Amino acid sequence: MDHRFLKVSWDGRVGKIRLHRPEVLNALHTPLVEELAEVLERMDQNPEVRCILITGGDRVFAAGADIGEMADADSVRMLLSDQFAQWERIRRIHKPIVAAVAGYALGGGCELAMACDMIVAAETAHFGQPEINLGVMPGAGGTQRLTRAVGKARAMEMVLTGRPISAGEAWEAGLVNRIVPLENLELEAMKLCREVAAKAPIALRLAKEAVLKAFDTTIADGLDYEQKLFYFLFSTEDQKEGMRAFMEKRRPHFRGE
Ligand code: DAK
């Protein structure tokens, strides 16, 4: 299938998506976000895909939502166009998603990276929420996911000054999983994806769900939730296979059943 703003490929069990609107630094206009949501949903439904990688170019992950598209918008048009629905589709993807970020991840670009489950950053990466410089504020998770990831002090400074942080600062703050040289970015991100993709798919799905639940529940409800998912996994073939393989001292072969 043809894609206008993405380059899509497969590497074993990993589905790879490269944002591709280089002339505007991968600015996330509505057609690109729609295309991204569609491809992600297709990969989510495809049993061959066990983990998803989203990346940009060497110079930029994404410089944010498309400012040109928003410049003349008014509140009513924004409300009626319901663009957040596309972001909501991305949030509902069950499979693990890794973002590989080089260069700028700004505004919606930073929010997209944070909507992924893990971030591998090149040394050149910069993460920022510069919306304040445009007279607005983050609108796709920047005040919520960023604050949970880096804490109030850093999030406030980033959101109120619009100043980006470097890959090193992002790592110290707990926003990214690891920093790698630019030339190794895809290799290292793929290594992480392959490691995840070898695990039991249903366990991956429920484990992702349970970790995300920790952000919007009490500890008691979260623990109850975790227990129920844990019990549920004992009705999967992969649980039998995983534990049998351990006892038989061999590698498990997970089939997602
Ligand atoms: N939108 C549109 N075009 C952009 C762009 C953007 N965000 N960022 C860059 N470009 C375009 C530039 O206009 C330029 O186009 P030409 O002049 O060549 O035609 C081209 O990309 C190259 O950019 P520069 O010449 O500026 O490149 P530099 O290396 O000098 O600077 C930069 C790179 C990333 C520092 C700079 O381009 C920059 O500051 N860009 C804007 C960053 C920014 O403010 N991002 C936040 C945007 S607001 C929502 C969901 C999410 C959001 C909103 C709503 N809904 C679901 C409703 C999120 C909002 C945002 O992200």
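Keep in mind it's a predicted model, so treat the numbers as computed, not measured. Counting starts at 1 for both ligands and their atoms, following the listed order.
- Short contacts between ligand 1 and R59, defined as distances under 4.0 Å to a heavy atom of the residue, involve ligand atoms 27 (O), 28 (P), 29 (O).
- By the 4.0 Å N-to-carboxylate-O rule, R92 lies too far from D44 to be salt-bridged with it.
- Between the Q129 side chain and the G142 main chain, no donor and acceptor come within less than 3.5 Å of each other.
- Between the side chain of N177 and the backbone N or O of V120, no donor-acceptor pair lies under 3.5 Å.
- Near Q83, with a cut-off below 4.0 Å to any heavy atom, the atoms of ligand 1 are 56 (C), 57 (C).
- The main-chain N or O of V49 is never found under 3.5 Å from a side-chain atom of R13 such that the two would form a donor-acceptor pair.
- At the shortest separation from atom 1 (N) of ligand 1 among protein heavy atoms lies I67 N, 3.0 Å.
- Under the 3.5 Å distance criterion, the side-chain polar atoms of T217 are left unmatched by any main-chain donor or acceptor of A214.
- Applying the 4.0 Å criterion to heavy atoms of A65 picks out, from ligand 1, the atoms 1 (N), 6 (C), 7 (N), 47 (C), 52 (C), 53 (C), 58 (C), 59 (C), 60 (C), 61 (O).
- Residue A63 has at least one nitrogen or oxygen atom sitting less than 3.5 Å from a nitrogen or oxygen atom of ligand 1, judged on distance alone.
- Residue-ligand proximity, F84 to ligand 1, at heavy-atom distances under 4.0 Å covers atoms 49 (C), 55 (N), 56 (C), 57 (C).
- Residues R21 and N26 form a side-chain contact, since some pair of their non-hydrogen atoms from C-beta on lies under 4.5 Å apart.
- A salt bridge between R154 and E157 is absent, with no side-chain N of the basic residue lying under 4.0 Å from a carboxylate O of the acidic one.
- Per-residue contacts place G64 under 4.0 angstrom from the following atoms of ligand 1 (heavy atoms of the residue considered): 61 (O).
- Enclosure of atom CG in L80 by more than 12 non-hydrogen atoms of other residues, nucleotides or ligands within 6.0 angstrom is indicated.
- With distances taken over non-hydrogen atoms, the option nearest atom 44 (O) of ligand 1 out of C110, P130, A85, G162 is P130.
- Residue V33 is tested with L112, L28, D66 for a side chain to side chain contact (heavy atoms under 4.5 Å, CB included); the sole match is L28.
- Taking atom 51 (C) of ligand 1 as the reference point, the nearest protein heavy-atom neighbour is A140 CB, 3.7 Å.
- Numbered from 1 in the order shown, with element, the atoms of ligand 1 that lie under 4.0 Å from a heavy atom of A27 read 1 (N), 2 (C), 6 (C).
- Set against the non-hydrogen atoms of L134, the atoms of ligand 1 under 4.0 Å away are 44 (O), 47 (C), 48 (S).
- For ligand 1, the atoms lying closer than 4.0 Å to a non-hydrogen atom of L106 are 34 (C), 42 (C).
- Protein non-hydrogen atoms do reach within 4.0 Å of atom 21 (O) of ligand 1.
- Proximity of G139 to ligand 1 is not established, as no heavy-atom distance is less than 4.0 Å.
- With a 4.0 Å cut-off on non-hydrogen atoms, Y104 touches ligand 1 through its side chain and not its backbone.
- Considering both main-chain and side-chain atoms, G108 comes within under 3.5 Å of ligand 1 through a nitrogen or oxygen pair.
- If you look at E23 next to ligand 1, the close heavy atoms, those under 4.0 Å, all belong to the backbone.
- Of the listed options V24, T30, L112, V24 places a heavy atom closest to atom 4 (C) of ligand 1.
- Among all non-hydrogen protein atoms, the one lying nearest atom 24 (P) of ligand 1 is L25 CD1, 4.4 Å.
- The residues E35 and R4 are annotated as not salt-bridged, no charged nitrogen and carboxylate oxygen being separated by less than 4.0 angstrom.
- For atom 54 (C) of ligand 1, the closest non-hydrogen atom on the protein side is M70 SD, 4.2 Å.
- Neither the backbone nor the side chain of V33 has any atom closer than 4.0 Å to an atom of ligand 1 (non-hydrogen atoms only).
- At distances below 3.5 Å, at least one donor-acceptor pair connects side-chain atoms of D238 with backbone N or O atoms of R255.
- Here the CG atom belonging to L233 is positioned 14.0 Å from the NZ atom belonging to K228, to the nearest 0.5 angstrom.
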